[in-house]
Every structure is written in C-alpha cells, then in structure tokens.
Number of protein chains: 2
Amino acid sequence: MHPEFEKYLKENTNLTPDDIHHISSKAVGKTLRRNELLLQSGNVCKQKVFIAKGLLRTYSIDANGNEHILQFAPEHSWTLDVESYDKEIPAETNMGAVEPTEVLLWHKDDFNNLLSEVPELNKLSQQIISRNIYYSRQRMLTTLSATPEEKYDDFIQRFPKLLTRLPLRMIASYLGISIKTLTRIRHNQLQR
Amino acid sequence: MHPEFEKYLKENTNLTPDDIHHISSKAVGKTLRRNELLLQSGNVCKQKVFIAKGLLRTYSIDANGNEHILQFAPEHSWTLDVESYDKEIPAETNMGAVEPTEVLLWHKDDFNNLLSEVPELNKLSQQIISRNIYYSRQRMLTTLSATPEEKYDDFIQRFPKLLTRLPLRMIASYLGISIKTLTRIRHNQLQR
DNA sequence: GAAAAACGTGGTCATTTGACCATAATCAGC
DNA sequence: GCTGATTATGGTCAAATGACCACGTTTTTC
C-alpha cells in the first residue's frame with residue numbers, strides 16, 4: 001500500500017505485518033512539488049505527517065519577512081506542528097517541501113484510534129517525542145554556546161545527508177546566522 | 001506533610017485529598033543553600049524535582065568555562081534533566097539553586113508507580129511535558145529571530161517575577177547575549 | 001533546450017557585539 | 001552590623017557580523 005512506510009515500520013519497530021497494514025490503511029498519500037506548502041500559517045495542523053520521500057521544512061516568517069527554520073524533516077521521519085495539532089489552534093508556522101516530496105497523512109482521530117489500538121505504535125510515538133525533546137535541548141545549547149563555525153560544523157556532523165540537498169540560505173536560517181557569515185566560514189575552511 | 005506542594009496540587013489538578021496525600025507521602029524534602037547543586041554534571045538524574053520555594057537553574061559549562069542556562073525553575077514548577085532521567089545516563093548539565101530553595105524529590109521508581117496508580121497525576125505530567133515542548137519551540141524561534149533587545153523584552157514579559165531575583169549575568173546567559181549587550185540595552189531603555 | 005529564477009560568492013562599509021578592565025554600589029554570610 | 005564577595009555599569013578597542021549590491025554559475029521549469 002505504502003511501501004516506503006511499511007519498510008520503515010518493519011525496520012524500526014516490532015509491529016506485526018497485520019498491524020503495519022492496519023496503520024498503513026488509514027493513511028492518505030500526497031505528493032508535493034518543490035516549495036509547495038503542506039501547512040500554512042493560520043491554518044490548523046490536523047494531521048500527523050510521515051515523509052516517505054523528499055524533504056520538508058517547518059519555518060516561520062518574522063515581521064521583516066525573514067524566514068526562520070525550526071525543523072527539517074527528511075524521508076523516514078515524522079513532522080507536524082505540535083501545538084497546533086494538540087490544541088487545534090491556528091499554526092504560526094509553515095511547512096513546505098524543499099524538494100519534490102511524498103508524504104503520508106493521518107487525521108488526528110484516526111491516529112488517536114491507532115494509538116490506543118496498537119500499543120507498539122504508541123511506544124514508537126513516545127520514542128519519537130522523547131528524541132525530539134532531547135534534540136531540542138541539545139540544539140538550544142548549541143545555539144547558545146557555539147560560534148557560527150561550530151554551529152555549521154555541528155550541522156554537517158548531524159545531518160551530513162542534508163548538506164547537499166539544502167540551499168545554503170536555509171542552513172543559515174536554521175542556524176540563526178546570516179548567509180554572509182556562512183559563506184565566509186566555507187571560504188575559510190577551503191583555505192585550510 | 002508538604003503544604004506548598006499540596007496547595008499546588010489542589011489549585012492545579014482535580015486530585016482527591018487522598019491522592020494528594022499519597023503522592024506527597026512519597027516525596028523527600030530537601031533544602032538548598034544559594035549556589036548549592038542539586039545535580040552535578042556527570043551524575044545521573046534520579047529524581048523528579050518539585051520546587052516548593054526558591055529558584056533553580058539548569059545550566060551547562062562550555063569549554064571556555066562559560067555558563068549557558070537552559071532553564072529556570074521557580075517555586076511551583078518542576079524540573080529534571082530529562083535525558084539523564086529517562087536513559088539513566090550521566091547528565092551533561094548542572095542544576096543549582098539561585099537563592100535558598102526548598103525542593104521535593106521523588107525517586108524514579110516511586111514516581112513511575114504513582115503515575116500508573118493515579119491517572120490524574122499522569123494527566124498533569126503530560127500537560128507539563130506538552131507545555132515544555134511548546135515553550136521550547138517558542139524559545140528557539142525567539143532565539144533565532146529576535147534582536148537582543150527583543151529577547152530581553154520578551155524575557156521580562158514572560159518572567160516578570162524573575163527579573164528582580166536573578167543577577168543580570170544569568171539573564172544574559174539564558175538569552176545567549178553578553179552582559180555588556182544587556183547593560184547597553186538597559187542603559188538605552190532608561191534614556192527613553 | 002531555452003529562458004527565467006535561484007543560488008553561491010565576494011566587495012564594501014557601517015554597526016553591533018564581545019573581551020578586558022576599572023570602579024562604585026549592592027548584597028550575602030557570619 | 002561588618003567584611004568580603006558579587007554585581008551592574010561604563011570606557012575602550014578590536015573583531016565579528018549583517019545589509020546591500022553585483023556578478024557569474026547552476027538549477028528549474030516549461
């Protein structure tokens with residue numbers, strides 16, 4: 001049904017084939033073109049999103065029109081605007097495709113049913129939440145303590161596969177530094 | 001038994017007096033002097049912490065000896081090093097008292113038992129986790145997008161009561177700006 | 001495959017920021 | 001209440017950073 005997703009579950013959980021099909025059967029697939037939005041600021045995030053292929057980003061736009069990227073979600077990861085999803089309030093962020101992307105979507109009600117029907121899915125879900133918490137903390141610490149160059153190096157270490165798929169300005173936006181600073185760093189690193 | 005804590009639960013949950021006493025009975029109280037550490041980097045965080053009175057901070061020290069503050073936890077809030085607590089691995093952060101502080105501590109096993117025995121406590125716990133997630137996101141966004149002055153103003157708005165209890169250098173450390181920048185901002189704001 | 005859009009880099013310059021130091025005021029602890 | 005430690009502020013200066021602009025290259029898109 002959704003082969004990439006089933007492969008992901010097979011590799012990352014102890015779910016039975018039956019459960020996998022059950023979960024999979026509640027999902028709706030969607031294809032996004034480059035730059036297409038999956039969630040627009042002001043709308044409520046009503047779905048859990050699994051990225052089967054491609055790359056999404058979550059970002060917000062400030063008063064000066066500058067984008068600030070909160071998250072990248074590549075294939076085999078999940079994303080959503082938690083607060084909007086939980087509280088059913090308008091999102092303050094946008095979610096868009098960095099490159100052509102295929103996602104699976106579950107409506108909140110369906111997913112909640114699955115969570116109570118399938119304990120192993122619940123466990124996976126908790127794991128993902130935990131990992132996000134740990135990483136957010138780490139990211140905050142890096143943001144507070146590292147120099148721009150250290151942030152960039154950390155990014156490369158952590159997301160080596162994203163490096164070539166993202167325009168530099170998005171990396172800069174994710175790291176909270178200007179693109180000028182980033183090209184300067186790259187320039188200096190080439191010298192060595 | 002622990003009047004501040006019981007007051008907190010009475011005001012913030014629907015727990016029955018019996019449950020409240022039950023939860024309270026598993027807690028151990030501890031008094032911290034100013035600057036005393038509750039958790040030291042390298043040790044495992046084995047307890048959930050409720051602050052009955054006073055103010056804790058969670059911070060890490062970087063290679064240059066600079067402190068970076070991840071969290072302030074004033075009275076009637078909870079804290080812990082999540083990753084260390086969950087995985088039972090050494091913490092990379094310190095937790096110390098900013099001012100004389102009284103805390104309640106629950107050992108992990110005891111707290112887990114309480115969570116399964118008392119559904120309403122579980123609900124509270126989930127709420128607290130959710131709020132932390134929402135706030136972390138917001139903080140990251142502010143950190144990425146705001147000017148130092150905006151960060152400071154945001155801090156005042158969000159934690160008006162902490163302003164007078166914290167040395168400026170800790171606010172600067174929390175905001176990720178130098179104390180020099182902070183005094184400059186304050187100087188400018190006085191002029192107006 | 002051609003036109004248009006997006007991208008990475010570099011130059012210049014003004015501004016912001018931080019490091020270091022000194023000083024006066026305030027606070028903590030006995 | 002006194003003493004020593006901590007704190008907030010300000011000066012100076014160097015370095016880092018960002019805004020703006022231009023240009024050549026690469027990538028999209030139709």
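Bear in mind the structure is a predicted one, so any value in this text is a computation, not a measurement. Order of the sequence lines fixes the chain letters, A, B, ..., with proteins taken first and strands second; residue numbering starts at 1 for each chain.
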* Asked: Quick one: on DNA chain D, does A/Arg33 or B/Arg186 contact a more 5' nucleotide (nearest heavy atom)?
  -> B/Arg186
* Where along residues 154-176 of chain A does a heavy atom fall under 4.0 Å from DNA chain C? -> A/Pro167, A/Leu168, A/Arg169
* Tell me, which pairs form a side chain to side chain donor-acceptor pair (under 3.5 Å) where one or both residues lie in residues 37-52 of chain B, sequence neighbours left out? -> none
* Asked: Where does the angle between the aromatic ring planes of A/Trp106 and A/Trp78 fall among parallel (under 30°), tilted (30 to 60°) and perpendicular (over 60°)?
  -> tilted
* Asked: If you measure from the Lys or Arg side-chain nitrogens to the Asp or Glu carboxylate oxygens, is any gap between B/Glu92 and A/Arg137 under 4.0 Å?
  -> no
* Asked: Considering only heavy atoms and no angle criterion, is a donor-acceptor pair shorter than 3.5 Å present between the side chain of A/Lys180 and the base of C/dG8?
  -> no
* Distance below 4.0 Å between A/Arg184 side-chain N/O and C/dT9 OP1 or OP2 -> no
* Protein-nucleotide distance (A/Leu182, atom CG; C/dG10, atom C1'), rounded to Å -> 14 Å
* Asked: Do any side-chain nitrogens or oxygens of B/Ser178 fall under 4.0 Å of OP1 or OP2 in C/dG18?
  -> yes
* Round to a whole Å and report the spacing from CD1 of A/Ile185 to C1' of C/dG10. => 15 Å
* **Distance in angstrom units between B/Tyr152 OH and C/dT17 P, rounded** => 15 Å
* Is the shortest side-chain N to carboxylate O distance from A/Glu99 to A/Arg165 below 4.0 Å? -> yes
* Reckon A/His187 has a side-chain N or O less than 4.0 Å from the OP1 or OP2 of C/dG10? -> yes
* Structure fact -> Regarding the side chain of B/Arg34, the nearest nucleotide among C/dT12, C/dT9, C/dA28 is C/dA28
* Please report, rounded to the nearest Å, how far the P atom of C/dT15 is from the CD atom of B/Glu149. => 17 Å
* So where does chain B start and stop touching DNA chain D, 5' to 3', when the test is distance under 4.0 Å to a non-hydrogen atom? -> D/dT6 to D/dT12
